[in-house]
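See structure below.
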Amino acid sequence: MSGLVVRYSSSPRSDPACQIHLSHIYLTGGNKMTLLEEAQRVADEFEFTSEQLKTAVVEFRRLMDLGLKNNDEAMTMIPTFVSDVPTGTEKGTFLALDIGGTNLRVCSIHLQGDGTFHLVQSKSAIPKAMMIGSSHDLFSFIAERIESFIREHHEDKFDCTEPEHMLQLGFTFSFPVNQTAVNKGVVLRWTKGFNIPDAVGVDVVDLLQRAIDAKSLPVKVAALVNDTVGALMARAYAAPKGTESLIGAIFGTGTNGAYVENMENVHKLEKAEHQTPTMVINTEWGAFDNAMRVLPATPYDNALDHASVNPGYQMYEKRISGMFLGEIFRQAIISLTTASDPGMGGASLFNGEASKQLNLPFSLDTSVLSAISEDESPDLATVKKVVQEQLGVSAGLEAIETLQAVQLVSRAIGRRAARLSAIALCAIISASGRLSSSPTSKVDIGVDGSVVEFYPNFEEMVREAIREVLGEEKEGRLTFGLAKDGSGVGAALCALMARKQQEMGIRYSADELLKEKGEI
Ligand code: ADP
Ligand code: MG
């Protein structure tokens with residue numbers, strides 16, 4: 001039997017306006033597709049061309065500007081009221097508190113003024129009951145942990161009564177908040193298994209400070225910190241002398257970035273009397289292009305989105321971050337197990353078998369893609385092992401083509417994630433004008449998160465995409481540095497910057513500055 005088989009896919013590749021295009025035409029019968037050709041066809045669906053990149057960067061800049069003007073845009077562009085990044089010469093001892101997942105972390109950080117620091121910390125699990133109880137119980141528990149930490153490490157501070165000599169604390173709170181001052185933010189909702197209804201709509205800094213005051217601890221909550229801002233601050237402090245950090249970017253469970261913006265561009269803020277020239281903006285870029293004007297959409301992306309808890313939202317994040325890449329991969333692999341009609345002689349992955357694991361939505365971690373993608377051995381031994389252990393499949397693994405097919409798809413998904421990540425970076429870098437200001441100027445980017453840290457060649461693939469947009473010369477003037485521990489040293493630096501701003505008489509608050517009052 002032979003015939004013309006036409007495959008359609010909904011991924012608009014070269015022409016964004018074209019919703020359906022021909023992805024493949026092949027003859028069955030005499031010219032049946034091999035498994036590797038099938039896998040290449042799927043991998044090609046994850047292509048994101050230079051042209052698409054350039055168009056997307058223009059769109060990102062448009063949405064940045066919109067978010068800086070209006071209060072109700074999806075890409076929120078949240079003013080953090082932190083006016084600048086540190087230089088590396090800051091000194092002092094600060095506390096940091098991080099609550100965001102299963103653990104509660106209290107640290108004290110001694111900044112030595114030369115880009116280095118000492119950190120001591122204590123970690124404790126948050127009891128399940130505290131995650132779904134009352135705000136009083138949770139914050140009393142947190143204050144208790146802070147108390148025992150200070151008793152152990154800063155006993156002398158208990159004698160201190162003047163607020164300015166108290167320990168200043170940076171508070172990393174990784175839940176959605178509406179931040180209205182450097183030390184003020186209202187809880188919008190709980191995520192990640194927490195549910196404390198009485199805290200919603202309440203200032204989380206106030207909740208923490210009250211619990212601290214109830215125990216008469218010598219601690220002042222100076223700054224509320226988002227993890228992207230923490231990453232930016234941590235990198236700016238540690239970056240080599242003469243390197244100015246512009247962006248802090250997270251590629252972990254989710255993706256987001258913060259950067260230094262000129263105040264004159266933050267149109268949604270009124271001009272303040274003691275205005276500083278710059279302010280750190282938390283972009284919330286995971287929500288870039290929810291309208292899907294420029295982002296790619298393969299059938300696998302669409303299936304993921306439909307199965308997600310928030311279809312139509314966080315569309316950029318769903319193509320980049322650790323929480324989602326494993327699921328895109330699972331969808332693509334499943335499609336290959338059913339790729340060809342056996343009656344027509346085509347090849348199917350794993351002889352057409354999908355394991356129980358493979359059929360379970362969101363069952364694959366992104367570390368699976370890292371392990372599969374980085375195997376350079378001729379027999380792809382690691383790929384085989386991962387497929388057996390993580391995908392729960394054993395059929396067809398004696399053929400190297402099977403393993404090559406799996407790797408092709410995995411690499412295509414990782415590569416697209418890296419190329420998409422370059423959109424945000426290119427847009428922010430070019431909007432800042434910093435690389436154009438002088439032929440020798442440099443831009444530094446602090447990055448954090450397991451995807452950028454562990455996915456093989458992630459940074460190099462991001463750089464390749466940046467070269468295509470900004471050119472080789474400009475890309476050569478970019479430096480990337482891992483911004484480890486934004487919620488520790490980064491939060492401490494936010495507390496320091498907040499205190500510095502206060503000493504300078506700068507008291508930014510959204511209540512005073514946000515235009516269109518009533519919308520915040
Ligand atoms: P968080 O986002 O909570 O700060 P991480 O930065 O560690 O934590 O990111 C966790 C995410 O990274 C998870 O979604 C996980 O799938 C992914 N991940 C973990 N290990 C790896 C790895 N080796 N390679 C790629 N992604 C990974
Ligand atoms: Mg993190």
Side-chain angles (χ1 to χ4, degrees), residues 96-105 107 121 123 125-126 170-176 191-194 225-235 247-258 282 284-286 304 308-309 314 316-331 357 360-375 382-383 385-386 389-391 407 409-418 420-421 446-462 480-491 494:
L97 171 74
D98 178 14
I99 144 171
T102 40
N103 287 312
L104 170 81
R105 191 163 73 120
C107 331
Q121 65 168 345
K123 247 185 183 181
I126 302 172
F171 179 20
T172 303
F173 183 73
S174 304
F175 299 95
T191 56
K192 298 182 268 192
F194 281 69
V225 185
N226 176 275
D227 58 354
T228 56
V229 181
L232 172 59
M233 304 304 262
R235 172 62 189 171
I247 305 174
I250 306 274
F251 303 101
T253 308
T255 182
N256 189 15
N282 165 18
E284 294 294 340
W285 74 36
L304 174 147
S308 72
V309 293
Q314 300 294 99
Y316 188 53
E317 181 165 82
K318 281 175 180 160
R319 285 150 178 78
I320 291 179
S321 77
M323 188 165 174
F324 302 104
L325 296 186
E327 177 63 8
I328 297 176
F329 175 68
R330 192 187 70 85
Q331 295 280 356
Q357 242 155 300
L360 188 67
F362 289 93
S363 58
L364 299 183
D365 192 274
T366 300
S367 57
V368 168
L369 275 77
S370 287
I372 289 173
S373 299
E374 79 194 335
D375 189 355
T382 306
V383 178
K385 186 165 176 273
V386 172
E389 289 174 6
Q390 308 286 327
L391 276 57
Q407 191 177 55
V409 173
S410 171
R411 285 182 171 174
I413 293 168
R415 182 176 148 81
R416 190 188 68 166
L420 293 176
S421 304
V447 293
D448 187 20
S450 289
V451 173
V452 62
E453 195 175 353
F454 300 121
Y455 189 89
N457 300 321
F458 199 83
E459 182 191 322
E460 186 40 46
M461 292 190 292
V462 171
F480 284 80
L482 211 53
K484 289 296 282 176
D485 204 19
S487 67
V489 67
C494 283

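This structure is a prediction, so every number in the text was calculated from the model and none was measured. Atoms within each ligand, like the ligands themselves, are counted from 1 in listed order.
- Where the criterion is an N or O separation shorter than 3.5 Å, residue side chain and backbone included, Gly252 fails it with respect to ligand 1.
- Contacts with ligand 1 closer than 4.0 Å are made by heavy atoms of both the backbone and the side chain of Ser450.
- No side-chain heavy atom of Leu232 sits under 4.5 Å from any side-chain heavy atom of Ile247.
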**Prompt:** Step by step, would you call Ile99 with Phe171 a side chain to side chain contact (heavy atoms under 4.5 Å, CB included)?
**Reply:** CA-CA 8 Å; Ile99 144 171; Phe171 179 20; 3.3 Å; yes
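- For atom 8 (O) of ligand 1, the nearest protein heavy atom (residue, atom name, distance) is Thr253 OG1, 3.7 Å.
- In terms of protein heavy-atom proximity, atom 23 (N) of ligand 1 is nearest to Phe454 CB, 3.3 Å.
- Distance alone, capped at 3.5 Å, is enough to place a donor-acceptor pair between the Ser363 side chain and the Gln357 backbone.
- Between Pro361 and Arg330, the closest side-chain pair of non-hydrogen atoms falls below 4.5 Å.
- Close approach of ligand 1 to Met323 (heavy-atom distance below 4.0 Å) involves ligand atoms 14 (O).
- The nearest protein heavy atom to atom 4 (O) of ligand 1 is not closer than 4.0 Å.
- Atom numbering of ligand 1 starts at 1 in the shown order; those under 4.0 Å from a heavy atom of Gly449 are 6 (O).
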**Request:** Would you please test Thr255 and Tyr316 for side chain to side chain donor-acceptor pair (under 3.5 Å) and show each step?
**Result:** CA-CA 8 Å; Thr255 182; Tyr316 188 53; over 6 Å; no
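- Checked by atom type and distance alone, the side chain of Gln407 pairs as donor or acceptor with a backbone atom of Asp375 at under 3.5 Å.
- The nearest protein atom to atom 14 (O) of ligand 1, hydrogens excluded, is given as Gly322 C, 3.0 Å; this is a heavy-atom distance.
- For atom 26 (N) of ligand 1, the nearest non-hydrogen atom of the protein is Thr366 CG2, 3.4 Å.
- Residues Arg105 and Asp485 are paired through a salt bridge, judged by an N-O separation under 4.0 Å between the basic side chain and the carboxylate.
- Scanning the protein for heavy atoms near atom 25 (C) of ligand 1, the closest one is Ser370 OG, 3.1 Å.
- Counting only heavy atoms from C-beta outward, the side chains of Glu284 and Asn226 approach each other to under 4.5 Å.
- Closest protein heavy atom to atom 21 (C) of ligand 1: Ser367 CB, 3.5 Å.
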